[in-house]
Undergrad: 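Have a look at the structure that comes next, please.
Order of the sequence lines sets the chain letters (A, B, ...), proteins ahead of strands, with each chain counted from 1. What you see is a predicted model; the values in this text were computed from it and never measured.
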There are 2 protein chains.
Amino acid sequence: MLKLTKKADYGLIALKHLAMRNPAETASAKDIADAYGIPLPLLSKILQKLAKSGFLRSEQGTNGGYRLARDPREMTALEVIRSIDGPIILTSCFTEHGECHHSGRCSVREPLRKVHDGILRLLNNITIRDIASEDMEVPAPDVDVQVYRLKPSGLAAHASK
Amino acid sequence: MLKLTKKADYGLIALKHLAMRNPAETASAKDIADAYGIPLPLLSKILQKLAKSGFLRSEQGTNGGYRLARDPREMTALEVIRSIDGPIILTSCFTEHGECHHSGRCSVREPLRKVHDGILRLLNNITIRDIASEDMEVPAPDVDVQVYRLKPSGLAAHASK
DNA sequence: CGATATAGGACCGAACCAGTCCTTGATTAC
DNA sequence: GTAATCAAGGACTGGTTCGGTCCTATATCG
């Protein structure tokens, strides 16, 4: 039902945390876990993944921890989420490389691919730096270019379970 | 991992199917299930839900079945998905009504809300009619307004599990 | 009546998510 | 050298959700 995993959340939180600090100092997994109430062993694995994916540089030993490996402006939410959760697949009809195993029968594949690409684009246009900058009141321009043509009931409507 | 459920897929497929037929005739759940290889009892419940949500009108008895209850231009993918899968919540930090139970600690809530709204907008801008029109090569204009500013590696990159 | 429909409750296996536990190994402080 | 502090990573578990099946009840037409 179109939800991000908590791991992805935690990963973004951690990266934001690191992006807002002096890049010279490291923060340990425990520091971050404590700061946001995230279970330490869980966060550890997320940070390990982010390190392996090249977002973080890790330092072992006393006073070790993690620091950003790249400029936060060069880390998109899309990359981060993909590195933690794996590829984003809107519908099982296509993997990120395409191909539906249902052959030609899945008639909504192409329309949904548009949505899929739109979501990727959305996530790709948000960087860790955007997230770390406190005043997201003025969002990245091209994220909000689209006309907000919702009907009054649109977003407020709430489908009962 | 940001995936639509198969139920939502099936629901969209069914609505598209109905939208492309003569609105005077009904199609039974079995017809649709057979046409797309969807398990009948599963599809039945989806159609029931869609009927209860006002997308379909159902007719029981021999030669019964389903027909669209409204103009397909007035049914958005967002409404359909919500009616089948329930509310879309990008992150557990906020329900569709807002409110994070982690109080102030979840620092990425606001940035993610932008993504969340973007996705809703995306889905809200696609109608069943859009999906049913075969030539989606020319997509709804405001869905694709955004600049496609992906780095070369962007969409192709594939995060290993 | 009997065939064909929808309506809907109960149930089940598999997958995945979130989280825990435990061990290993590197680095620094003492 | 030893202890403390850190990351690395494998194994496991409880819970939830998803996808799907089964079965019964009810409505409608021939």
Undergrad: Taking the nucleotide of DNA chain C with the closest heavy atom to each, which residue, A:Gln60 or A:Leu40, is nearer the 5' end?
TA: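 Per heavy-atom nearest nucleotide, the more 5' residue is A:Leu40.
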
Undergrad: Bend across the helix from C:dC1-D:dG30 to C:dC30-D:dG1, to 10°, with axes taken over 5 pairs at each end?
TA: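 One end's axis against the other's: 0°.
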
Undergrad: With A:Leu78 as reference, evaluate A:Asn125, A:Leu122, A:Asn124 under the side chain to side chain contact (heavy atoms under 4.5 Å, CB included) test and give the passing residue.
TA: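 Running side chain to side chain contact (heavy atoms under 4.5 Å, CB included) over A:Asn125, A:Leu122, A:Asn124 with A:Leu78 returns exactly one hit, A:Asn124.
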
Undergrad: Starting at atom CD of A:Gln48, determine the distance to atom P of D:dC6, rounded to an integer number of angstrom.
TA: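 Between P of D:dC6 and CD of A:Gln48: 15 Å.
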
Undergrad: Starting from C1' on C:dG8, measure out to CG on B:Leu47 and report it in whole angstrom.
TA: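 After rounding, the reported distance stands at 14 Å.
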
Undergrad: Provide, to the nearest angstrom, the distance between the CG atom belonging to B:Asp34 and the P atom belonging to C:dT4.
TA: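 Atom CG in B:Asp34 sits about 13 Å away from atom P in C:dT4.
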
Undergrad: For A:Ile38 and C:dT20, what is the distance between atoms CD1 and C1' respectively, to the nearest whole Å?
TA: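 Rounding to the nearest Å, CD1 of A:Ile38 and C1' of C:dT20 are 16 Å apart.
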
Undergrad: Keeping B:Thr26 on the side-chain end and B:Gly64 on the backbone end, is there a donor-acceptor pair under 3.5 Å?
TA: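 Confirmed, B:Thr26 side chain pairs with B:Gly64 backbone.
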
Undergrad: Round to the nearest Å and state the distance from A:Leu2 atom CG to D:dT17 atom P.
TA: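 Roughly 16 Å, once rounded to whole Å.
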
Undergrad: Compare side-chain N and O positions of B:Asn63 against OP1 and OP2 of C:dA5 and report whether any pair is under 4.0 Å apart.
TA: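 The answer is no; no side-chain N or O of B:Asn63 sits under 4.0 Å from OP1 or OP2.
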
Undergrad: Would you find a donor on one side and an acceptor on the other, under 3.5 Å apart, between the side chain of B:Asp31 and the backbone of B:Ser28?
TA: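 Checked: pair present.
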
Undergrad: Could you encode protein contacts along nucleotides 10-18 of chain C as a string, one character per nucleotide from 5' to 3', using B for base contact, S for sugar-phosphate-only contact and - for no contact, with a heavy-atom cut-off of under 4.0 Å?
TA: B-----SSS

Undergrad: Take the protein atom CZ of A:Arg67 and the nucleotide atom P of D:dA7, then report the distance between them rounded to whole Å.
TA: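 For the pair A:Arg67 CZ and D:dA7 P, the rounded distance is 12 Å.
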
Undergrad: Which whole-number value in Å describes the distance from B:Ile32 CD1 to C:dT6 C1'?
TA: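 About 13 Å, once rounded to whole Å.
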
Undergrad: Just by modelled atom types, is the B:Thr127 backbone N or O under 3.5 Å from a matching donor or acceptor in the B:Thr76 side chain?
TA: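 Not confirmed, B:Thr76 side chain does not pair with B:Thr127 backbone.
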
Undergrad: Closest approach to the side chain of B:Pro41, judged atom by atom: which nucleotide of C:dT27, C:dT20, D:dC22 is it?
TA: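 The listed nucleotide nearest to B:Pro41's side chain is D:dC22.
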
Undergrad: When you check the phosphate oxygens OP1 and OP2 of C:dA7, does a side-chain N or O of B:Ser58 lie under 4.0 Å from one of them?
TA: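 Yes, such a contact exists.
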
Undergrad: Can you tell me if B:His116 uses its side chain to pair, donor with acceptor, with the backbone of B:Ile88 under 3.5 Å?
TA: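 Looks like yes, one N/O pair under 3.5 Å.
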
Undergrad: Grab the CG-C1' distance between A:Asp9 and C:dG19 for me, whole Å please.
TA: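 Atom-to-atom, A:Asp9 to C:dG19, this comes out as 15 Å.
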
Undergrad: For the residue pair B:Ala19 and B:Ile128, what are the closest heavy atoms and their distance?
TA: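 Result for this residue pair: CB-CG2, 3.8 Å.
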
Undergrad: Does B:Ala51 have any side chain to side chain contact (heavy atoms under 4.5 Å, CB included) partners at least two apart in sequence or in another chain, and if so, which?
TA: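 Checked B:Ala51 against side chain to side chain contact (heavy atoms under 4.5 Å, CB included); matches are B:Leu56, B:Tyr66.
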
Undergrad: Closest approach of A:Val108 and B:Lys16, non-hydrogen atoms and distance?
TA: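 So the minimum-distance heavy-atom pair works out to CG1-CD, 4.1 Å.
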
Undergrad: Report which part of the nucleic acid A:Ala29 touches: base, sugar-phosphate, or nothing (heavy-atom distance under 4.0 Å, all strands).
TA: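 Sugar-phosphate, backbone atoms only, no base.
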
